Structures are given as structure tokens and as C-alpha cells.
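Beneath this line is the structure, given in C-alpha cells, with notes to follow.
Worth saying up front: this structure is predicted, and the values here are computed from it rather than measured. Just so we're on the same page: letters track the sequence lines, and every chain starts at 1.
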Amino acid sequence: MDFSTISDIVRLTWLAGAACFVIGLMRMNSPATARNGNLLSAGGMAVAIAATAILLFARPTVDGGVNGTGWAIIVVGILVGGGAGLYTARTVKMTAMPQLVSLFNAAGGGAAALIAIDDYLGLKAAPDPQINVATVLDIVIGSITFTGSLIAAGKLQGLIAGKPIMIPAGRIVTVALAVITVLGAVFLWAGNLSVPVMLLILAAALVFGVTMVLPIGGADMPVVISLLNSFTGTAVAMAGFVLGNDVLIIAGALVGASGAILTKLMADAMNRSVMNIMIGGFGGGEGTQTAAGGAGGTVRAIGADDVAIQLAYAQHVIVVPGYGLAVAQAQHAVRELAELLEERGVDVKYAIHPVAGRMPGHMNVLLAEANVPYPQLKEMDDINPEFERCDVALVVGANDVTNPAARRPGSPVSGMPILDVDKAHSIVVIKRSMGRGYAGIDNELYTNPKTGMLFADAKDGLAALTAAVKAL
Amino acid sequence: MDFSTISDIVRLTWLAGAACFVIGLMRMNSPATARNGNLLSAGGMAVAIAATAILLFARPTVDGGVNGTGWAIIVVGILVGGGAGLYTARTVKMTAMPQLVSLFNAAGGGAAALIAIDDYLGLKAAPDPQINVATVLDIVIGSITFTGSLIAAGKLQGLIAGKPIMIPAGRIVTVALAVITVLGAVFLWAGNLSVPVMLLILAAALVFGVTMVLPIGGADMPVVISLLNSFTGTAVAMAGFVLGNDVLIIAGALVGASGAILTKLMADAMNRSVMNIMIGGFGGGEGTQTAAGGAGGTVRAIGADDVAIQLAYAQHVIVVPGYGLAVAQAQHAVRELAELLEERGVDVKYAIHPVAGRMPGHMNVLLAEANVPYPQLKEMDDINPEFERCDVALVVGANDVTNPAARRPGSPVSGMPILDVDKAHSIVVIKRSMGRGYAGIDNELYTNPKTGMLFADAKDGLAALTAAVKAL
Amino acid sequence: MSPELLSALTVFVLAILVGFAVISKVPATLHTPLMSGANSIHGIVLVGSMFIAIEANDLPSQLLSLVAVAFATMNVVGGYVVTDRMLQMFRKKPVAPKATEQAEG
Amino acid sequence: MSPELLSALTVFVLAILVGFAVISKVPATLHTPLMSGANSIHGIVLVGSMFIAIEANDLPSQLLSLVAVAFATMNVVGGYVVTDRMLQMFRKKPVAPKATEQAEG
Ligand SMILES: NC(=O)c1ccc[n+]([C@@H]2O[C@H](COP(=O)([O-])OP(=O)(O)OC[C@H]3O[C@@H](n4cnc5c(N)ncnc54)[C@H](OP(=O)(O)O)[C@@H]3O)[C@@H](O)[C@H]2O)c1
Ligand SMILES: NC(=O)c1ccc[n+]([C@@H]2O[C@H](COP(=O)([O-])OP(=O)(O)OC[C@H]3O[C@@H](n4cnc5c(N)ncnc54)[C@H](OP(=O)(O)O)[C@@H]3O)[C@@H](O)[C@H]2O)c1
């Protein structure tokens, strides 16, 4: 086969790979086909990469031989990167997945930036304006994504404080960096070939990624990661323009656009706007629990033994898990309690709010990991009508998602759909204090006469309940 | 501005037009934005056509002058075609719209085929294989669409009998035509330049369009039109390959694919498979009403005066309109009766089944045309829970969409969601006889002890009811 | 394969993917307007018809292209107008129906 | 504008449209896996990294491209594996939970 035929076939294969990405993403829109969709996408990727290897191998070289160093770089790079990716992805705990996704995103953005940097360093004369535009955009966006995603991962992992970090004169620094980047880019676009200016832009963009993400609260990180993911897609599409490669353009633009939509959906689900998050509004999240001391209304504290009796002689119990359960790693403790109750003939269900916790699907992941039977997990819309028939609603470390204030306008959570916990015959809340949740406001559920507060760490409180039920 | 700049701008404008088509279609997925989406799409079209005119005008001609004849053809063609399109689209009755859409579809398919025919006649030597493939496909698909859509329009308009027409040895003729087309196409693809063979294919494809659609029942025409619409899209994309024009390729492929999905959705909504329809299974529709005479169970006939008393002293009445109401053009009669009842303090609602009638949205269109207030029209899922609280369900010319047999497996309507008419306290059915509906099966609703049958044409029966209520 | 054909093929495949993705779960009431809206879009064949018209040099070509232009324009203009008419029924109706009813009936 | 650029631009715009159309109303539970799935797809940058690696002739280029290949592969491999792990939770669980519960508890 001559090279031009091979090249044609490779290009068509790339196109087929890109089609797999699209169809895979479509299938990932619904739980039943999601896993299959991801596999299809992976298959498309494998085929596209294999085709690339064949193309590079078949390509006539200057001296007619095989470029040993080049292949060595590729093989070593793939082994090292693939090994690292595989190992971390396999061993990471379920709860640490978002930060890992962010790390992988950083890697992708970094690779895209490196392509443009390498291309720029190899330039002998100023390139066509269009290519120049793409190169500079790739460097800038790729670098911002690289450092931004690293910071986001660090925040989620707890390596960097989750609460908003205010850099002294932070806004001014950020704006200054943005101005430097834009001016440098315009200078290069004007047709000037200058490696120092390129390096200046590179440095400014790298620092900008840091100053952009640092002031944002840890709880908002999933949205930030999704946004940076969309950025990486755009950077990869730019790399495609630099190299004149369609498959990079297609896959990059696909991720850029779908990532943008996804970012908006995620922000909507937690009742925030993307703008609001990026500017760093509220969202201190885990930093605010020491606020207030129970403003307005009296609070009834209750002991583990009392709660145990209520639970053991109830017919229907609904467990409402929240962020506090995740922090306390109390998923196994709650399953044990539920199993004990079920043995005694109590009907136990879990009410899963879509944004309970700090990442979408947080509660599903946690409880699935603890082997809670899937049929017991109920989505918000399915379980809400059942609260009025339930004897005890056991709220474990959930706050905002149960706050009846969401039904009225004028509060930060207004409009967010909530679990109708206040409709239950009796309510028990396990949390450590009267501390506030993510939205930083008081919860009038706690002053409801039907509510008893069991002040404890989620894991300890549940263990105490289990012991008390066993002792009955 | 030099020509190459103009050409670049025109190409970018085409791309923008294509983007408008896509975004317009997206917006047409939801009732609130649908109209706006259609306008956006029309705007994209206007821009794309204007850009084309500019490109053709700016293009250097052989002799440097303006091609008078060419422009005359364009202007006359646009005036004639535009005038005809505008006039028919403006004056057609709401109920005749599907056949008009089919006519427009025929026109589009015809135009696509003509482009390829013209191209082929102008050939001096066999073209590149790829172009050749596209040309032949364009001729074949465009021609099938052209005659097929004309037949479909004729059936819906009643010019051609709606019931399946069986051509003697029809299947054999159809298969023979298909074989001729395929053999001719392969001959041309093999690199032979032959106008007679092209004309043979053309003729075979034109006749094939007729024999394909004739045996299909009139009631299935909406699905057939949607399928032919998707065909036209494909033909237009092929024309794009022939002319090397991206905007034709994009818009054509877009319609080809989205039309295919839509065809499937439409067939699903009426519980049929596209395959089943094309092969021409049941679907006699309007031809079958003389069947059966009330197999199994006794039927209670009831007079207009009795029904009038029931209706006038009811609190809640739900009207269930069906195909029979459409045929009898009884939409105004039903609105009059409903208004009369409302004046007497009866609460009247209309239960709209998604596939009541013979085209999707048939009942909405009809009743909207008769000025029934929009809030009184209830979708199936909203109204179904209300049947058990309603005093009288008045079924007017509806049959299949009320048949409780759909809840059990083993009947042709099994699995189709139905209106829960049998839950009403009392049921009145207006139809002419015990005749069957589209699916050709008996309806056990009619032998339900709660049901009274008012045997009459829908319009006459409703008029009689109105008179009887007034006389009370 | 020529680079033009390759890029045309890429565009074709992408447009098909857009077409598949763009239609999601639509209420049945919208099926007919959506079909009609898609039907108008393939009126873009008018662009191609204009090209062959301007290049037509002999009588057969001129006749063919005249018919093509007329057909395509009919598809475009009629298609959009009829779709718009269908979609008018989704306008919010004035809500106080009683008053008008009494006036009419 | 070169024809290549024009066709690259066409492809870019179409791919953006596909991206917009492809994400419809998704349950919140799927947001994270979907993000992770999209994240894996931009690992396609590995293809570009392989190109610069094979063309790298001086040390800086070779180092840059080595890092690029390693990063991109990490993105691809890790991305798909972690997404698959997330999606495992949508497997249908065996329905008879009582038995296993009693065995454990
Ligand atoms: N799911 C997502 O995708 C996502 C992403 C970002 C933001 N959010 C937001 O996060 C919130 C989620 O609501 P939520 O009800 O799950 O959580 P929440 O409103 O943030 O409340 C969590 C509560 O858990 C308690 N808590 C903390 N540590 C605990 C421990 N070790 N043991 C027991 N309790 C503990 C805290 O009170 P004490 O300090 O008194 O114990 C706190 O009030 C929403 O506002 C949502 O919009 C969600
Ligand atoms: N909406 C769509 O998109 C679409 C498209 C194709 C097919 N379909 C199919 O069509 C059916 C629609 O159900 P449907 O309940 O509306 O209709 P149907 O099941 O077809 O029944 C219509 C009934 O109306 C009666 N009728 C006919 N002319 C009449 C007149 N002048 N006055 C009074 N009654 C008259 C007939 O009985 P008599 O002869 O005894 O009067 C017949 O039983 C479904 O099976 C559906 O799948 C729908």
C-alpha cells in the first residue's frame, strides 16, 4: 500500500473515532447506557491512537530510516503516563475521584500547551496569522487549565485550604496578569516572532490559573473543574489548528462545547450561576460551621436512647444523608443501623437529594460503596410524597437540602428543590453543632417542634444509635 | 474587495446559516421556543441565499459581462416558485397541512434530482468515482422522493384512495424496479458514461417512488412523509457532493439524520415500526369501518335526550375527541356544546391523546382552529388521573385511543398508552356504528355496562345534543 | 482520495451526528411542525439550483435549472410559512375565555 | 483564507454544534461521570503529542514532547478507567438484599 492510501485510511479512521466520541457522549446521557457509552468512546480513542501510530510508522522519513529517538520518546511517554494514569485511577477511593479527574484534566491541558510551545520554539519566521492566533490561544488556555486544575485538585484533596484564599490585592494581581497576557498575545498576533514574549505570556497564564482558582471555595470545585475541562477541550481544538489535524479539532471542540453546557447544568443543579462562582461569592463551605448559635426559636436536644426507641418501633424510616455523613465517612455506620432496623421489621429508605454533599452523585457513590442495596436509594421526586407517611426522618449531616426556607423567596437557597423532611411525623437530626451548611444560613427545620437534635459526629452518633437499638 | 475575499466571506456566511439551521431545530424541540426556532432557521436560509446571489454576481464570467439568461432564470424561478409556495402555504386549511408539507418535500427532492441530472448531461467524460457515486445517488433518491411524496400528498388529500392499493403483482414490480436501478447504478459507477442508462435509472426510480407508497394505507402517511423528508435531505447532501458545496452537504445531512430520528419517534408514538409501515401491514384506516358487528358482550344504545340530561347535570365532563370528529369536521359543533355546558356551570375539559386522529397533533390543531380555549386542552398524562373523578366522559369518534385492550399484551394496540376513559362514572360514545378504528379491532369499552352508545355521525350527534340541552 | 473529498466527508459525517443529536424527546404534538421545519431546511438546495442556473448554456440545462430554482424556492418559502402557521397554535391564548364565550355563544 | 483553514473552521463550528446538542437533560447523578467522560475525550491530544515527538530533533523539543506524550496518555488511560469505575454503580444490583444482609449483619 502506498503512503497516500494509508494516509487516507488513517484519516477516515480518525473520523470514525470522532464519531465514537459523539455517540459515546450521547449514550452517557442516560444511566442505562452510560457505561456502554464510555466504552464506545474508549474504543474510538484506541482506534484513533493506533491509526496514528501506523501513520507515523508508514511515513517516509528524511533519511529513509526509522526515527529511533522519536519512537523511544513515544513508547516511554506512553508507558510512564499510561502506568501512572492506570494506577491512580484504579486505586483512588470513590470519594477522591473528582480531584483525580481534575489532575487528568491538568495533564491534558498541559499537553495541549506543550504542543503549541514546541511549535513556537521551532518557528523560523512568523507563521500565518491564523496559525499564530491558534498557537497563542493554545498556550494561554492550556496553561491556565494546567495550574487551575492543579489548584482545584489540591483544594478537593485538602492539600490547599478549602476556604476561599484571599491573596493580598488579589483582584489587582489577577487583572494585571490578564492584561499582560492579552497585550503579549496581541503583540505576537501582530506578526512579531519573539520567544521571550511567548515565555512571558506563558508565565502570566500559569500564574493566572492559580490566582483565578485560589479565591473560590472548595465546595464549588466540581463546577470549576467542569469549566476547566471545557477550557482544555478548547485548547486541544487550538492544538488541532496548529498541527492542521481534524481529529484534534473535532474532539476538542466537542469537549469545549459539551463541557460548557455541562458546567451550566451543574451550576443550575446547585442553584448557583457560573459567573457568581467564578467571582467567588459565598461558598466557603466547610469553613463556616462555627457560625451562629441557633438564632430564633428553641432547639430540642435529644439523646441516643430516645432516638433508638423511636426508630426501633417505627414502621417507616427515611434516612437523609448529607455532606456531614460524607465528611465523617459514616456510610458504613448508616448501613449497619439500617440493616439492624430492617431485621426488626422496620422499612428503611434513603432519600437522595441530587446535590447533597459536595459533588453531583456524591451520596449515590458513597452509599453504593458501602453496599447499600440499590432499590433502597430513592431520588428526591420519588421519595418526597412519602415523607408525610413516614414515622421518623433521620437526617445525617444534611442541612441545606432540608431547609424549608428554600420554598420562600429571599434566601440564598430560594428556588432550590428540597427534601420535604418537615412533613415527617417526627424528625431526628444528627450533626455536631448548630453550625451552618454550604449556603451559610440557619435552618428553621432545627427549631421545628417535631425535631430532635442529636449533637454528635455522624459516625459516632450512628454507632451510638446502633448500640442503643441492639440493647433494646 | 477582490473576488477571493468575497468568496471567503460568502463561505463563512453559509457556515453561519448552517449553524442557524441547527440551533433553530434545537429550539423547535420545545413548544415555548419552537416558533422562534423556525424564524431563526428561516433567517439563516435568507442569509445563505443572499450570500449566494452576491457570490454569483461577483464571480468573474468568461466574457466579463453579466450572464443575463442565467439571472433571468433565477429571478423568474424564484418569483414563480416563491409565489406558489407563499400562496398555498397561506391559504391552505389547517387540516390539509401535512399534504402541503409533502408537496413541498416533493419539490425539494425534485430540485435535488434536477441538479444531478443537469450535471450528468453536461459531462464530457466519466467523472471521479466519488462524484459519480454522489450523482447517481442524488438522481435515484431525489426521484423516489419526488413521486413518492406526490402520491403521499394525493392520498392525504383524498385524490388517491386512502386504503392500501394493491398493484397486481405489485411486490414483483417493485423489486424489479429496484433491481434495474441498482444494476444501472453499478454500471455507471464502474466508470461508464451513458445518458440512456442514466435516463433508465431515472425512470425506474420515479416509478419505484409510486409503487413504494401506493400500497401503504392513508393513515400511515405522516410517517411516510417524514421518511421521504429524510430522503430529500440525503439527496440534497449528495447534490452538495456533486457541486462541491459544503452548505448543501451540512443542511442535507442534518435533515437526513434528524428526519430519520423523527420518523422513528412518530412511528413509536403510534405504536408501529417503520419497517412494518413500509411493508404495508395493517393501516387500512378509513377503509375498515364496516367490519364486525359487536362481537362479544351486549351494547347499550342511548338517545340524545338521555345524554343531554346526563351532561347538563354533571359537574365534570371530559370530551375525548378522535379521528371520527376530524372526518366529520365536528370541531365547531363540539365547541358549541361545551360552551353551552360551561354556561350552565359544568366544568368541561378535552382529553388530547397524542396520536388521536391521523397525524400527530391532529386534535390540537383542529380544536385550536375552532377556538377552543387552550387551557381546556389537556395532555394524556395530565388528564388520566381525572377520569375517575369525572361524571361523564363523552367520546366523540375516538376508538383505539380508548381501548382498554391496550393494557394487556397480545393485541395490535398492546403497549400503546391510552386514555383511561373506562374509569369515568359514566361513558357516552358518539360514533356511526360498531365499526372498528385504525387498528381494526373491537373495543371492549363499548360493551362496558357504564357505556351508552349514541350512534350518529359526530357532527349530527353533537348538534342533536346541543339542541337537546337547550331544550331542557 | 482528494483532500476536498476527505473534508467534504468529514463535514458530512459531522452534520449527520448533529442531526442525530439535535432531536431529543419531543412531545407528539410537535412532530408535524418539526418535520415541516426540517423540510424547509432542505430548501437550501436553492443555492445549488442557482449555481446550475447561472452556468446553464444550452436550452435543456436552462429549462432544468429553471424548474429546479422554482421547485427549490417553493420548498423554502412554502416550508417556512406553513411551519410558522402550525406553530402559531403554541401562542399563549388569552386566559379569560368565559367573556369571549358569552359574547359568541 | 486558505481552503484548509476554511474547512478546518467548518469542522470546528460543526463539532461545537454537536457538543451543544449532545448534552441534554441529564440527572445530576450523571454530571460527574459525564464530565469525566468528556475529560477523557480531550486525551486525543495524545495524537498531536505523538506527531511532535516523532519530529523532535533537538533536546528541548524532545523533552517537551516526552512530557506531552506522558501527560496525554495519563489523561486518556486514567480518564477512561476512572469514568468506568464511576459508572459501575449504575449496574443493576442483585435484587434480593435481605439474604445478604442477614448473612453479614
Ligand atoms: N452535590 C453537589 O454537587 C454540590 C457541589 C457544591 C455545593 N453543593 C452544595 O452543598 C450543599 C449540600 O447540602 P447538604 O445538606 O448535603 O450539606 P450542607 O448544607 O453543607 O450541610 C452539611 C452539614 O453537615 C454537618 N456536618 C459537618 N461535618 C459533620 C460531621 N463530621 N458529622 C456530622 N455532621 C457534620 C454540618 O453541621 P455541623 O457543623 O453542625 O456538624 C453542616 O451543617 C447544598 O447547598 C449544595 O448546593 C453541592
Ligand atoms: N395521530 C397520528 O399521528 C396517527 C397517525 C396514523 C395512525 N394513527 C392511529 O390512528 C388511531 C387514532 O385513534 P382514534 O381513536 O382517534 O381513531 P380510530 O381508532 O381510528 O377510530 C375512529 C373511529 O371514528 C369513527 N368514525 C369515523 N367517521 C366518523 C364520523 N363521521 N362520525 C362519527 N364517528 C366516526 C369510526 O367508527 P364508526 O365507523 O363506527 O363511526 C372509528 O371507530 C390510533 O390507532 C393511532 O395509532 C394516528
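Residue contact with chain C, scored on non-hydrogen atoms closer than 4.5 Å, involves the backbone and the side chain of F21(B) alike. Heavy-atom distances place no part of E4(C) under 4.5 Å from chain B, backbone and side chain included. If you measure heavy-atom distances from V92(B) to chain C, the contacts under 4.5 Å come from both the backbone and the side chain. There is no contact between F57(B) and chain C, counting heavy-atom distances below 4.5 Å. Only the side chain of M238(B) comes within contact range of chain C, with heavy atoms under 4.5 Å apart. Proximity to chain B involves both the backbone and the side chain of V67(C), based on heavy atoms less than 4.5 angstrom apart. For L243(B), the part lying under 4.5 angstrom from a heavy atom of chain C is the side chain only. Only the backbone of S30(B) comes within contact range of chain C, with at least one heavy atom under 4.5 Å from a heavy atom of that chain. For a residue to count as touching a neighbouring chain, one of its non-hydrogen atoms must lie under 4.5 Å from one of that chain's; by this rule L79(B) does not touch chain C. Neither the backbone nor the side chain of T466(B) comes within contact range of chain C; no heavy atom of the residue lies under 4.5 Å from a heavy atom of that chain. Of the two parts of A53(B), the backbone and the side chain both hold a non-hydrogen atom closer than 4.5 Å to a non-hydrogen atom of chain C. In this structure, chain C has a heavy atom under 4.5 Å from the side chain of L56(B), while its backbone stays farther away. Proximity to chain B (any heavy atom under 4.5 Å) is shown, for L9(C), by both the backbone and the side chain. Only the side chain of L46(C) comes within less than 4.5 Å of a heavy atom of chain B; its backbone N, CA, C and O stay farther away. For L121(B), the part lying under 4.5 angstrom from a heavy atom of chain C is the side chain only. For chain C, the nearby part of E379(B) is the side chain; its heavy atoms alone come within less than 4.5 Å. Contact of T69(B) with chain C is made through the side chain alone, with heavy-atom distances under 4.5 Å.
Side-chain contact between D118(B) and E55(C) is absent, with no heavy-atom pair separated by less than 4.5 Å. At a threshold of 4.5 Å between non-hydrogen side-chain atoms, the residues F231(B) and H42(C) do not count as touching. Annotation: side chain of S65(C) is not in contact with side chain of L114(B) (no heavy-atom distance under 4.5 Å). No side-chain heavy atom of L30(C) sits less than 4.5 Å from a side-chain heavy atom of N29(B). In this structure the side chain of I23(C) never reaches within 4.5 angstrom of the side chain of K264(B), judged on heavy atoms.
Interatomic distance, M35(C) CE to M28(B) CE, rounded to the nearest 0.5 Å: 11.0 Å. The CG atom of N39(C) sits 7.0 Å away from atom OG1 of T232(B), with the distance rounded to the nearest 0.5 Å. Interatomic distance, CG of L34(C) versus CD1 of I261(B), reported as 11.5 Å (0.5 Å rounding). Going from atom CD1 of I117(B) over to atom OG of S61(C) covers 11.0 Å, rounded to the nearest 0.5 Å. Between the OG atom in S7(C) and the CD1 atom in I249(B) there is a gap of 8.0 Å [rounded to 0.5 Å]. How far CG of L55(B) is from CZ of F51(C): 5.0 Å, rounded to the nearest 0.5 Å.
Ranked by heavy-atom pairs under 4.5 Å with chain C, the first of N38(B), L262(B), N245(B) is N38(B). Per-residue counts of heavy-atom pairs under 4.5 Å with chain C were compared for A251(B), G108(B), A111(B), A72(B); the largest is that of A111(B). Of the residues considered (L17(C), L14(C), V18(C)), V18(C) shows the highest number of contacts with chain B, using heavy-atom pairs under 4.5 Å. For the set T88(B), L25(B), I115(B), the entry with the most heavy-atom pairs within less than 4.5 Å of chain C is I115(B). Heavy-atom pairs under 4.5 Å with chain B were tallied for V13(C), L64(C), L63(C); the largest tally goes to L64(C). Your options are I352(B), L254(B), V22(B), I23(B), and the one with the most heavy-atom pairs under 4.5 Å with chain C is L254(B). Looking only at heavy-atom pairs under 4.5 Å with chain B, the residue among V11(C), V81(C), I52(C) that has the most is I52(C). With respect to chain C, the highest number of heavy-atom pairs below 4.5 Å among G83(B), S258(B), G70(B) belongs to S258(B). Interface check for chain B: of the options T83(C), T73(C), V76(C), N75(C), the most heavy-atom pairs under 4.5 Å are formed by T73(C). Between chain B and the residues V77(C), I54(C), N57(C), the largest count of heavy-atom pairs under 4.5 Å involves I54(C). No other option in A72(C), A68(C), A56(C), S40(C) has as many heavy-atom pairs under 4.5 Å with chain B as A68(C). Interface summary for chain C: among G109(B), P354(B), G122(B), G82(B), the most heavy-atom pairs under 4.5 angstrom belong to G82(B).
Closest of all the heavy-atom pairs between V82(C) and A89(B) is N-CB, 3.9 Å. Considering all non-hydrogen atoms of both residues, F241(B) and A8(C) come closest at CE2-CB, 3.7 Å. The nearest pair of heavy atoms linking A253(B) to A15(C) is CB-CB, 3.6 Å. Scanning all heavy atoms of the two residues, the minimum distance from A53(C) to I74(B) falls at CB-CG1, 3.7 Å.
Using modelled atom types, no side-chain atom of R35(B) and backbone atom of Q88(C) make a donor-acceptor pair closer than 3.5 Å. In this structure, R85(C) contributes its side chain and M97(B) its backbone to no donor-acceptor pair below 3.5 Å.
Screening T52(B), I250(B), V236(B) against I44(C) for a side-chain contact (heavy atoms from CB on, under 4.5 Å) leaves a single residue, V236(B).
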Check the pair I41(C), S41(B) against side-chain contact (heavy atoms from CB on, under 4.5 Å), reporting the backbone distance first and the verdict last. CA-CA 7 Å; I41(C) 291 176; S41(B) 170; 3.6 Å; yes

